[in-house]
Amino acid sequence: MTCTKSQRLCSSVSVGLGAAYRPCVHYSRHCRTLRSRPLVANAQHGSSDDSDDLQLQAVPSESSETQTMNMYAEESPRVMLQERQAFVGVPTAAPMLPLKPPRSNTFEGFVWALVILGAVRLGRKESEDTFLDYDAIRENRQLRLESDKEMYARRLQLQRVEAEQKAAEANKRMVVARRKTQEAAQRQKEKEARYKREAEQEAARLSAIQNAKQKEFQEREAKAAAELKQRLEVEQQTIAEQQQRQRAELERQRREAEQKQQAIALEKQQAAEAKERELAAQRAQREAERQALRRPQKNFGVRMEGSAAVHKPPKGAKTSGRVPREATVSVSIILATALTGESTTSMVFRDAAEANAIEVAGSSAAAAAEQYQSAVRLQNMTGQGALQHMGEPELQHWMRLTCCRTLATSAQAVRQLLQRHGQRPTGQTAPVQVRTEYGVLPVDHPKRTDAQLDSAVAMLEGGNISSCADSILKPMMDQTEQAFQQGLSAPAPQHVGSALALAHFLDHMYHHRPAKRVEASPWFEAANSLVQDLLSQTVKDAPKDSLMPLAQYMHHALGSDHAVTVMLQRLADANLSSATRRRQQEEQKLLEAELAAQLLEEEWPEEDEVRAARMAVREEATPVPERAWALRNVASTLALGGPGERARARSLLEKAVTLKEQWLDDDQHPGLLVELDALGSVLEASTEWQQDAVAIRARMLRILSLVASRYLSAGETPSGVTVLESAVRQYEDVLGIRHPGISTLSKKAEKLLSTLEPEEREEVAAKCRQAAEVVKDIVNTFAEQPDVYKQATGKRKAVELWTEGGLGVLLPLT
């Protein structure tokens, strides 16, 4: 069955007009094509309410129709055949005739079934034949295409008309839309202009309000500023008046204070001038007296000559003191006099500080003065010398004066040398020379020094302390200070002569003290108190840190136990500045800390030292074979590591070899083979140790030759030859065939081998093929085990058996 032409036309028209598509009973490709026409959405805009109506219409395009027609024309019959094969024999929409109810007769039902089956079979065959008729198919397709062209032409005409109508309507809508858009833009522009005018009006209103407020604020500020300025002017005027009154008052007070100070200064000046005139008169009188006393006075002099040197100390030199430290500079001073030989004083110091100059110069000057004083005492025993004209206190006073002058001169030279040494640390020297004179009046002269001091002691006993100080001690202090400074070119602390004079007074009083009088103590204490007061008055105006050098001078000249030294040390401590005091405290703390650490180190050694000491004791108590065995085990483990571990292994094995040598008392004993073999293996593993390895293997070769000699002496010639030949083969690669030991043992082995029987030579040759095993067996034979293992096995030591002679532990090798 096929669709008729009228049915296809109606279907096409209905689709073009937008009606519902009703396919025919027989499905065809043409019907599917019409069903799949594209739909075009047309927008129709209303004119009154601006609403949009959407209507869908099927609008065939010319290009799609042309493509469809071409597709129909060009489609192959095989495709059409495939469509026909998809056809079902019984159409779904065909009317079905009602079947009569089956009769009860079975045969009649069977006949009906056969009839129906045959009809179905014939219909299917006819349908298949129709489908397989290619000419009919082409003819039908051509007819359909011709009918479709007329319909497509009409349809295209309708579509063009409809498209023109829609284009006109679209243009009309576009004009309306454009007009509406322009009207909306105009309304928006007017609205924006209105908003802008309103904003400008509002901004002008706000600006006017703000200007009014700002103007009001500025008026208030100007009024407040005017009031403040007026108030400040009043206050400034008041303050200026007050300051003027204060300045006037201060000026009046200043003038009064100046007048008072001028009056006081005038009084002081007058008093000072009067005192100066008095002192000048006294000095003139004393000078006249001294000039008068010079004629009967006998003068003595001592010349200290020598040199000072600064150089580097010996290596490892330590400073003296509670905490020895490494020295960096050495100072030596050589002094000599006409009565004494050279006196040398040397000291080493931690640094080239100039403060060290007083220490070494003071020690040198005190030693030289002591030697000269001893020489004068010896000279007095012969009835000559200065002690024939003065007493022991005066000689001591003269030597103290000499010591201080020599100290100043030597210290100046050492300071200069230390300064140059700090710039260029090379050995340098400087000369030292100073002369000290001392005058002595005759014994019966009333102005003699000891007579004056006796008068001072008598005044103290009588309680006339002020007269003692003014008439005797102060002139003596001035005279000694002048004697100290006379001809001295080196800088020295002030008041050295005054301190020496007071020390001379105390020494004279102590020297002439009554030996058995109980009442001697009170005036002796009074003398100490007087000396303390005079020293305090003398140094009360001294600058800060200026009394410490004076105390050091007295320490070297008088000694640390002298009363004047103790007094000056206290005054020097009180004269220290806070910075110097703080620095000394820090240095003292550091010194105490170092001393404590040193004592702790001496009393409680460090853990490493204790461990080392314990290890040394333990090693001494351990037998040498066991120690060597332990060293070999540790070294074998270290040898597996890197270069550092191998170096440590070598050190341990060398120690083991040394221990064994000392224990065996023989450097060619076979008991050394095991340590030497382990050492040689470690050395051969490093290319830089090849020469050492050659030396070790050569030593082992010599020891193995001794083992071979022991075999030969016991009559075991084959075993001896085996040892020699195995040793040569084992070490000829390391030592080289040109090595003297290799060539010697090789010739010896050949010579001995020629003396053997053929069977023995064959046995030796077979054994020598395993040269490494032979050497290893000999080495292991002399490997000492710890005592605990030997006690468990009951074996004797191989070393003892070798020493007894014979083969001992050596067994025949063939």
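Keep in mind the model is a prediction, meaning the values are calculated, not measured.
Scanning both residues, Thr781 and Asp777, for their nearest heavy atoms gives OG1-O, 2.6 Å. Across all their heavy atoms, Ser636 and Leu640 have their closest contact at O-CG, 3.7 Å. Closest of all the heavy-atom pairs between Lys660 and Gly671 is NZ-O, 3.0 Å. The two residues Leu659 and Arg627 have their closest heavy-atom pair at CD2-NH2, 3.7 Å. The heavy-atom pair separating Arg699 from Leu672 by the smallest distance is NH2-CD1, 3.6 Å. Closest of all the heavy-atom pairs between Ala656 and Glu675 is CB-CG, 3.9 Å.
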Evaluate the criterion side-chain contact (heavy atoms from CB on, under 4.5 Å) for residue pair Ile209 and Lys213; output intermediate values, then yes/no.
CA-CA 6 Å; Ile209 295 173; Lys213 290 182 178 181; 3.8 Å; yes
The test is side-chain contact (heavy atoms from CB on, under 4.5 Å); show your working for Leu724 and Leu753 and say whether it passes.
CA-CA 10 Å; Leu724 292 175; Leu753 188 62; over 6 Å; no
Under the side-chain contact (heavy atoms from CB on, under 4.5 Å) rule, what do Val723 and Tyr711 come out as? Steps first, then yes or no, please.
CA-CA 9 Å; Val723 172; Tyr711 273 114; 3.9 Å; yes
As a quick check of understanding, evaluate side-chain contact (heavy atoms from CB on, under 4.5 Å) for Leu673 and Leu704, giving each step before the final call.
CA-CA 9 Å; Leu673 285 173; Leu704 289 174; 4.1 Å; yes
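Ionic pairing of Arg205 and Glu202 is present here: one or more N-O contacts between side-chain nitrogen and carboxylate oxygen are shorter than 4.0 angstrom. Between Asp677 and Arg697 there is a salt bridge, with a side-chain nitrogen of the basic residue lying less than 4.0 Å from a carboxylate oxygen of the acidic one. Under 4.0 Å is where a charged nitrogen must lie from a carboxylate oxygen, and between Arg220 and Glu216 at least one such pair does. Salt bridge present: Arg650 and Glu654 bring a charged side-chain N and a carboxylate O closer than 4.0 Å.
Heavy atoms of other residues, nucleotides or ligands lying less than 6.0 angstrom from CD of Gln188 number more than 12. The environment of CZ in Arg648 is sparse: at most 12 heavy-atom neighbours from other residues, nucleotides or ligands sit within 6.0 Å. Counting heavy-atom neighbours within 6.0 Å of Arg738 CZ, excluding the residue itself, gives a total of 12 or less. Heavy atoms of other residues, nucleotides or ligands lying less than 6.0 angstrom from CG of Leu206 number more than 12. No more than 12 heavy atoms of other residues, nucleotides or ligands lie within 6.0 Å of CD in Gln770, so this atom counts as exposed by the packing criterion. Around atom CD of Gln691, no more than 12 heavy atoms belonging to other residues, nucleotides or ligands sit under 6.0 Å away. The number of heavy-atom neighbours closer than 6.0 Å to CZ of Arg121, taken from other residues, nucleotides and ligands shown, is 12 or below.
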Which donor-acceptor pairs under 3.5 Å do side chains of residues 726-733 form with protein atoms, sequence neighbours excluded?
from   : atom 1 : to     : atom 2 : distance (Å)
Ser726 : OG     : Thr722 : O      : 2.7
Arg729 : NE     : Glu725 : OE2    : 3.2
Arg729 : NH1    : Cys768 : O      : 3.1

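Atoms CH2 and CZ, from Trp629 and Arg632 in turn, are 8.5 Å apart once rounded to the nearest 0.5 Å. Within the model, atoms CZ of Arg761 and CD of Glu759 stand 8.5 Å from one another, a figure rounded to the nearest 0.5 Å. Separation of atoms CZ (Arg160) and CD (Glu164) is listed at 8.5 Å; rounding is to 0.5 Å. For the atom pair CD1 (Ile703) and CG (Leu676), the distance works out to 5.0 Å, reported to the nearest 0.5 Å.
Under the 4.5 Å side-chain criterion, counting only non-hydrogen atoms from C-beta, Ser743 is not in contact with Ile737. Under the 4.5 Å side-chain criterion, counting only non-hydrogen atoms from C-beta, Leu679 is not in contact with Asp692. Looking at heavy atoms from C-beta onward, Ile742 lies in side-chain contact with Leu701 at the 4.5 angstrom threshold. Side-chain contact between Lys767 and Glu763 is absent, with no heavy atoms from C-beta onward closer than 4.5 Å.
Applying the salt bridge (charged side-chain N to carboxylate O under 4.0 Å, His left out) rule to Glu773 yields no partners; only residues at least two apart in sequence or on another chain are considered.
The main-chain N or O of Ala153 is never found under 3.5 Å from a side-chain atom of Gln157 such that the two would form a donor-acceptor pair.
Residue Trp689 is tested with Leu683, Ile696, Val694 for a side-chain contact (heavy atoms from CB on, under 4.5 Å); the sole match is Leu683.
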